[in-house]
Amino acid sequence: MNKRTVLIAVIAIVCVFALIATVRSFFLKPSDKTRISAIPEGEYDPAVWGRYYPLQYGSFQKNLQMSASATDFGGSVKFQHSLRQPEILTNFKGMAFSKDYMEDRGHPYALTDLKETKRITLQSPGACMTCKSAHLIDIYKSMGWSYAKTPLGQLFAKMKHSITCANCHNPSNMELRVVNPAFIEAMQRKGVDVTKATREEMRSYVCGQCHTEYYFEPETTKVILPWDKGFHPEQVYTYYTEKPKGFEGDWLHPDSQAMMLKAQHPEFETWAGSTHAKAGISCADCHMPYMREKGKKYTSHWVTSPMKHIDASCRRCHPEEEKWLLDRVKTTQKNVWGLQHMAGTLIARAHEAIGKALAAPGANKDELEKAKENLRKAQWYWDFVAAENSMGFHNPSQTLNILGQSIDLAHKARESANKPAGPPKP
Ligand code: HEC
Ligand code: HEC
Ligand code: HEC
Ligand code: HEC
């Protein structure tokens with residue numbers, strides 16, 4: 001080989017390596033390049049983590065911004081939902097959501113908002129902090145589930161930081177992890193060992209820890225995720241029908257005297273049956289898209305409405321124009337909102353009709369029992385949509401289907417309530 005051939009060979013080899021490195025950097029997950037860490041377990045201050053991971057921390061700080069979403073439904077501007085849906089005041093009569101029902105905002109506010117909401121007091125069960133702070137990790141380690149029954153006021157003293165890096169990451173290697181014991185136990189009951197989950201699964205599990213329906217077990221007030229029969233709202237309803245450990249419902253409605261269920265933000269369950277989930281698309285794909293800054297690729301930690309950055313969130317997979325994608329989302333949400341509002345309003349009328357029938361002399365007991373059962377289920381379906389935060393986008397077809405059922409059940413409840421009472425008993 002002459003010198004020239006060697007030189008060309010060397011240049012060729014260098015070029016091939018450079019090309020491989022460039023291609024790898026495009027396809028590689030960013031975490032492979034940043035796995036250095038001296039953050040101790042128990043460090044919950046995001047600023048300390050931020051010294052090692054400035055790009056992720058910089059985007060995480062954007063969670064403090066409060067801005068509306070172009071869809072009119074999402075966004076992080078505080079407002080009371082009952083202004084837009086006065087039916088909330090009737091449907092949640094006798095329980096805390098009729099007093100205070102604010103729009104959600106960014107993760108750094110979770111602990112502050114917990115302290116500020118009129119729904120709880122310092123005497124409320126400690127279980128309420130499960131999804132509000134990374135300090136859950138230490139509290140659960142030292143107290144086990146007994147924290148769930150401890151008055152919240154006592155736990156506040158142990159909590160300084162809101163939801164932070166430690167809720168989703170192991171500090172020693174930055175692997176994704178789940179720390180909420182309720183999530184780990186619910187998955188175990190479904191036969192899923194979360195420590196063996198794939199990276200793709202973890203990109204949704206970290207969110208599913210908190211963005212889910214739950215209830216408090218009677219006596220212990222332990223947090224339970226009701227997934228034993230499946231994620232579909234009908235399966236969850238069946239689960240509740242069996243009164244697990246004596247749990248009959250969240251509260252008794254003062255007008256209709258129906259034992260009601262309160263649905264809580266079932267984003268994970270709604271997503272679970274969606275086209276996107278079936279195609280393997282995780283919460284993080286839309287809510288934590290890849291970004292580039294100074295030539296570096298990283299995962300955005302600004303966890304907010306994806307419609308604030310449609311290009312990064314959607315156009316990676318959907319080549320359509322931003323405006324077209326926004327219109328798709330808005331159309332779905334508008335259709336869902338229309339039926340949701342209709343269902344909620346009919347349910348409010350049903351509570352009133354049953355309340356009136358109960359007060360009438362010689363009420364038809366059998367019909368009223370039927371009315372109450374139909375109303376309980378109607379409200380569960382309605383609330384499964386109303387309490388979910390995407391206004392149906394996460395799973396449009398399932399959402400419209402359960403709203404249709406809700407409307408039918410609410411009509412049936414009213415019909416039963418309006419059936420004339422039988423002849424007076426002798
Ligand atoms: C295919 C993309 C996509 C996936 C996957 C996805 N979301 Fe969303 N999400 C959206 C869109 C779009 C909205 C509506 C935002 C709006 O109206 O501005 C939304 C709204 C939300 C909201 C309310 C945001 C707000 O501004 O108030 C939350 C919370 C949420 N999603 C959580 C989740 C969780 C948890 C998962 C996984 C279980 C998930 N999302 C999966 C696209 C997605
Ligand atoms: C709500 C969950 C959640 C929180 C809170 C969170 N992360 Fe992440 N983080 C993720 C997800 C999801 C990924 C993507 C991981 C993957 O795909 O392997 C990620 C990836 C990373 C990576 C790998 C490199 C990259 O950009 O993909 C680093 C480093 C990181 N996060 C740092 C942080 C820091 C620092 C904080 C706190 C300031 C934090 N994270 C808070 C969920 C979270
Ligand atoms: C430790 C519990 C917890 C985890 C983990 C968590 N969230 Fe949240 N999330 C919350 C709470 C609580 C709020 C509402 C905070 C408030 O309003 O004060 C919230 C709010 C949000 C919002 C609304 C933000 C806005 O701008 O309105 C979105 C979107 C969201 N979460 C998506 C996600 C996604 C996606 C993941 C996973 C990558 C995730 N969350 C992980 C508890 C959690
Ligand atoms: C990682 C890839 C990926 C991302 C990110 C993604 N999608 Fe999709 N989306 C898909 C796939 C795959 C389907 C299934 C149908 C298909 O092949 O087109 C789909 C289906 C859809 C549908 C039709 C089905 C339905 O549920 O209504 C809409 C609308 C949609 N996406 C909008 C969005 C929007 C808006 C975003 C951003 C917030 C987004 N998608 C983000 C891959 C993605």
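Numbering of ligands and ligand atoms starts at 1, following listing order. Just so it is clear, the model here is predicted, and its values are computed rather than measured.
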Do you see a protein non-hydrogen atom under 4.0 Å from atom 3 (C) of ligand 4?
yes
Could you tell me whether atom 8 (Fe) of ligand 4 has an N, O or S atom of His276 under 2.8 Å away?
yes
Can Ser282 and Tyr205 be counted as having a side-chain donor-acceptor contact under 3.5 angstrom?
no
So does Cys165 have any N/O/S atom less than 2.8 Å away from atom 8 (Fe) of ligand 2?
no
Option passing ring-ring contact (aromatic ring centres under 6.0 Å, His included) with Tyr240 (candidates Trp227, Trp380, Phe384):
Trp380
Protein heavy atoms: any of them under 4.0 Å from atom 31 (N) of ligand 4?
yes
Is it true that a side-chain atom of Ser204 and a backbone atom of Glu200 form a donor plus acceptor pair closer than 3.5 Å?
no
Asp383 side chain to Ala263 backbone, donor-acceptor under 3.5 Å:
yes
I'd like to know if atom 8 (Fe) of ligand 2 has an N/O/S atom from His301 within less than 2.8 Å of it, counting both backbone and side-chain atoms.
yes
Is it the side chain (CB and beyond), the backbone, both or neither of Thr299 that lies under 4.0 Å from ligand 2, heavy atoms counted?
both
N/O/S atom of His318 under 2.8 Å from atom 8 (Fe) of ligand 4, yes or no?
yes
Let me know which of Gln235, Arg189, Lys190 forms a side-chain hydrogen bond (donor to acceptor under 3.5 Å, both in side chains) with Asp228.
Arg189
Where on Tyr298 is there a heavy atom closer than 4.0 Å to ligand 2, on the side chain, on the backbone, on both, or on neither?
both
Below 4.0 angstrom, N of the basic side chain to O of the carboxylate: do Lys149 and Glu217 qualify?
no
Short list, please: which atoms of ligand 3 are under 4.0 Å from a heavy atom of Thr304?
25 (C), 26 (O), 29 (C)
Would you say Thr164 contacts ligand 2, with heavy atoms under 4.0 Å as the rule?
yes
Strictly under 2.8 Å, how many protein N, O or S atoms lie near atom 8 (Fe) of ligand 3? Waters don't count.
2
Tell me the nearest of Gln209, Lys296, Gln56, Gln61 to atom 22 (C) of ligand 2, using heavy-atom distances.
Gln56
Looking only at non-hydrogen atoms, which of Glu267, His287, Arg105 approaches atom 14 (C) of ligand 3 most closely?
Arg105
Ligand-side contact atoms (ligand 3) for residue partner Met288, heavy atom cut-off under 4.0 Å:
38 (C)
